[in-house]
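First comes the structure, then the notes that go with it.
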Amino acid sequence: MEKNMKENFEKLEGRVRDSLNDTDLEKINYLLSLMDEPTLVSGVGGSSVVSEFASKVLACKNHIITRNTEPRDFRYMDISNYSNVLACSYSGNNYGVELAFLNNLKHYLLASKENKKENIINLTYCCFDVEKSFISLGATLIPCSILLNYYFDNNIDRVMEYIEKFNFSFNAECSVYEIFSGYETSTASKYLESTMIEAGIGIPIVHDKYSYCHGRSTLSTVYNSVAIYFNGGTELDKVFLEELSKYYKDVVVLNADKGIIGEYQLLIKCMYLTKYIAEKKNKDLSGVDYNPIVKKVYKYNGEL
């Protein structure tokens, strides 16, 4: 992939706006509103970030039970209590989508390209300016923005208000990044985990904040880690923010509002956080020197 991370960040806001303006949002909003029964949401790689956010939006907006699910899990879990599957995929036509649809549930697909196979309800968004990148920022933020627009009852201007640039300043020269998260910030932590691993810019460890109170703190005594802390302003947050600087090389605090809007804002902050880390390590999120095993396993479509 071409090393053009700077260009892709510069074009990110415009790509989101163009997609929102060019997409038939009324159709997508209508189809999303039809999901009024328990729904599984699925995505892989960067699309797992989209599926995580989608599960939150549908739960809050449609008041239904949702669960974000890895495509392989459909082969092992009991899905009889669910009625719908929403698959999230940039291409709309990979093995993960096929796995999600190997069942008798109602099949919805949120993608940039229509899948013409039988019994698929397509929620197709426009993305004419194709991003050439290993870590596809637009392929993550555009569908999340489509979903936020649905949450806002079709208000593009309000969505665009939350897209802004963020700057960071800390010593990023470390290997391990410990991320303090929870249900309310899972979209952002999933993005950080996925991107750090795929781009090879660090080893992410995601902690549930309360679980950290019960033994997970040992790691910081062994490794010279940076803590990435999602601050929701709770009493527990205050305790952690008073203590963590004693045990970590640095503590990066990202303030997080509650609810869907807060998750969307935090996702964008984390995008710029990974940009900063990549720059400090002389790496490029768009042009990643990936492991040769990718050529063998990326398009795997056999027995799981």
inquiry  = I'd like to know if the side chain of Tyr177 and the backbone of Ala172 have a donor-acceptor N/O pair within less than 3.5 Å.
reply    = yes
Interatomic distance, Gln265 atom CD to Glu164 atom CD [nearest 0.5 angstrom] = 7.0 Å
inquiry  = Does atom CG (Asn167) have a neighbourhood of more than 12 heavy atoms from anything else shown, all under 6.0 Å?
reply    = no
request  = Please report the C-alpha distance between Glu279 and Lys275 in whole Å, then the side-chain angles of each, then the deciding distance to 0.1 Å, and finally whether the salt bridge (Lys or Arg N to Asp or Glu O under 4.0 Å) criterion is met.
outcome  = CA-CA 6 Å; Glu279 288 173 339; Lys275 175 179 181 288; 2.7 Å; yes
query = Taking the side chain as C-beta and beyond, is there a heavy-atom pair between Val253 and Asn255 under 4.5 Å?
reply = yes
query = With sequence neighbours left out, what residues match Ser225 under side-chain hydrogen bond (donor to acceptor under 3.5 Å, both in side chains)?
reply = Glu178
query = Side-chain contact, heavy-atom cut-off 4.5 Å: Asp257 with Glu263?
reply = no
note = Which of Lys106, Arg67, Glu37 passes side chain to side chain contact (heavy atoms under 4.5 Å, CB included) with Tyr82? It is Arg67
Closest heavy-atom pair and its distance - Cys270, Leu254 = SG-CD1, 3.8 Å
ask   = In Å and rounded to the nearest 0.5 Å, what is the NZ to CG distance from Lys27 to Leu32?
value = 12.0 Å
key: Steps toward salt bridge (Lys or Arg N to Asp or Glu O under 4.0 Å) verdict (Lys61, Asp153)   = CA-CA 10 Å; Lys61 181 75 173 178; Asp153 294 319; 2.4 Å; yes
query = If you measure from CD on Glu52 to CG on Leu267, what distance do you get to the nearest 0.5 Å?
reply = 11.0 Å
inquiry  = I'd like to know if the side chain of Thr23 and the backbone of Leu25 have a donor-acceptor N/O pair within less than 3.5 Å.
reply    = no
query = Taking ILVMFWY side chains as joined if any heavy atoms are under 4.5 angstrom apart, and letting links pass through other members, which residues group with Tyr76?
reply = none
ask   = Has Lys56 got its NZ or CZ under 6.0 Å from the middle of the six-membered ring of Tyr183, at an angle within 45 degrees of the ring axis?
value = yes
message = Are there over 12 heavy-atom neighbours, none belonging to Glu26, within less than 6.0 Å of that residue's CD?
response = no
ask   = Taking side chain as C-beta onward, heavy atoms only, is Leu105 less than 4.5 Å from Ile79?
value = yes
request  = Report, as yes or no, whether the 6.0 Å neighbourhood of atom OH on Tyr30 holds more than 12 heavy atoms from other residues, nucleotides or ligands.
outcome  = no
task = Could you tell me whether the side chain of Leu12 reaches within less than 4.5 Å of the side chain of Met271, counting heavy atoms only?
result = yes
query = Transitively linked via ILVMFWY side-chain contacts under 4.5 Å: Val16 with Val57?
reply = yes
task = Report yes or no: does Ser112 contribute a side-chain atom to a donor-acceptor pair with the main-chain N or O of Tyr90 at less than 3.5 Å?
result = yes
query = Just by distance, with hydrogens left out, do Glu131 and Ser136 show a side-chain donor and acceptor under 3.5 Å apart?
reply = no
request  = Flag the pair Cys88 / Val41 as yes when at least one side-chain heavy-atom distance between them is below 4.5 Å, and no otherwise.
outcome  = yes
ask   = If you take all heavy atoms of Thr274 and Ile201, which pair is closest and at what distance?
value = O-CD1, 4.0 Å
message = Any donor-acceptor pair under 3.5 Å linking the side-chain atoms of Ser80 with those of Asp78?
response = yes
ask   = Quick one: do Glu193 and Lys190 make a salt bridge, cutoff under 4.0 Å?
value = no
request  = Enumerate the residue pairs fulfilling ring pair (Phe, Tyr, Trp, His ring centres under 6.0 Å) with a member in residues 91-125, sequence neighbours excluded, ordered by first and then second residue.
outcome  = Phe101-His107
request  = Mark yes when over 12 heavy atoms from residues, nucleotides or ligands other than Asn21 sit less than 6.0 Å from its CG; otherwise mark no.
outcome  = yes
remark   = Looking only at heavy atoms, the pair that brings Ser48 and Asn68 closest together is O-ND2, 3.6 Å
query = Is there a donor-acceptor contact under 3.5 Å from the side chain of Asn122 to the main chain of Thr124?
reply = no
Spatial distance of atom OH (Tyr151) from atom SG (Cys144) [nearest 0.5 Å] = 14.5 Å
request  = Please indicate whether Ile163 has more than 12 foreign heavy atoms, meaning atoms of other residues, nucleotides or ligands, lying under 6.0 Å from its CD1.
outcome  = yes
Donor-acceptor pair, side chain of Asn62 and main chain of Met35, under 3.5 angstrom = yes
message = Please check this pair: side chain of Arg72 against backbone of Leu304, looking for a donor-acceptor N/O pair closer than 3.5 Å.
response = yes
note = Smallest heavy-atom separation, Ala199 atom then Val288 atom, equals CA-CG2, 4.0 Å
ask   = So, do Ile268 and Phe166 sit near enough that their side-chain heavy atoms are less than 4.5 Å apart?
value = yes
task = Would you please name every residue forming a side-chain hydrogen bond (donor to acceptor under 3.5 Å, both in side chains) with Lys269, sequence neighbours left out?
result = none
ask   = Stepwise, does the side-chain hydrogen bond (donor to acceptor under 3.5 Å, both in side chains) test hold for Asn149 with Asn154?
value = CA-CA 5 Å; Asn149 179 71; Asn154 209 14; 2.9 Å; yes
ask   = Quick one: does Asn155's side chain get under 4.5 Å of Tyr150's, heavy atoms only?
value = no
task = Applying side-chain hydrogen bond (donor to acceptor under 3.5 Å, both in side chains), run through Asp250 and Asn171 and close with a yes or a no.
result = CA-CA 7 Å; Asp250 209 334; Asn171 187 344; over 6 Å; no
query = Between Asn103 and Phe74, which heavy-atom pair has the shortest distance, and what is it?
reply = ND2-CD2, 3.9 Å
ask   = So, the side chain of Asn291 versus the backbone of Val294: is there a donor-acceptor pair under 3.5 Å, distance only?
value = no
task = Under the ring-ring contact (aromatic ring centres under 6.0 Å, His included) rule, collect the residues that match up with His214, sequence neighbours excluded.
result = Tyr210
query = Is the Tyr276-Phe170 ring centre distance short of 6.0 angstrom?
reply = yes
query = At what distance, to the nearest 0.5 angstrom, does CG of Asp36 lie from CG of Leu58?
reply = 11.0 Å
query = Can Ile179 be reached from Phe168 by stepping across I, L, V, M, F, W or Y side chains whose heavy atoms are under 4.5 Å apart?
reply = yes
key: Residues forming a ring-ring contact (aromatic ring centres under 6.0 Å, His included) with Phe240, sequence neighbours excluded   = Phe180, Tyr212, Tyr229
ask   = How about Val50 and Thr187: do any of their side-chain heavy atoms sit closer than 4.5 Å?
value = no
message = Applying a strict under-4.5 Å side-chain criterion to I, L, V, M, F, W and Y, I'd like to know whether Met160 and Phe152 cluster together.
response = yes
ask   = Is NZ or CZ of Lys165 both nearer than 6.0 Å to the six-membered ring centre of Tyr272 and within 45° of the ring axis?
value = no
task = Ignoring hydrogens and angles, tell me if any N or O in the side chain of Lys249 forms a donor-acceptor pair with the backbone of Glu173 under 3.5 Å.
result = yes
task = Classify the side-chain pair Tyr264/Ser145 by whether it contains a donor and acceptor separated by less than 3.5 Å.
result = yes
query = Closest heavy-atom contact between Pro143 and Gly138?
reply = CD-O, 3.7 Å
ask   = Checking Asp237 side chain against Thr234 main chain: does a donor-acceptor pair fall under 3.5 Å?
value = yes
task = Mind checking the CG-OG1 spacing from Leu266 to Thr185? Nearest 0.5 Å is all I need.
result = 6.5 Å
query = Taking Thr218 for the side chain and Gly215 for the main chain, is one N or O donor matched with an acceptor at less than 3.5 Å?
reply = yes
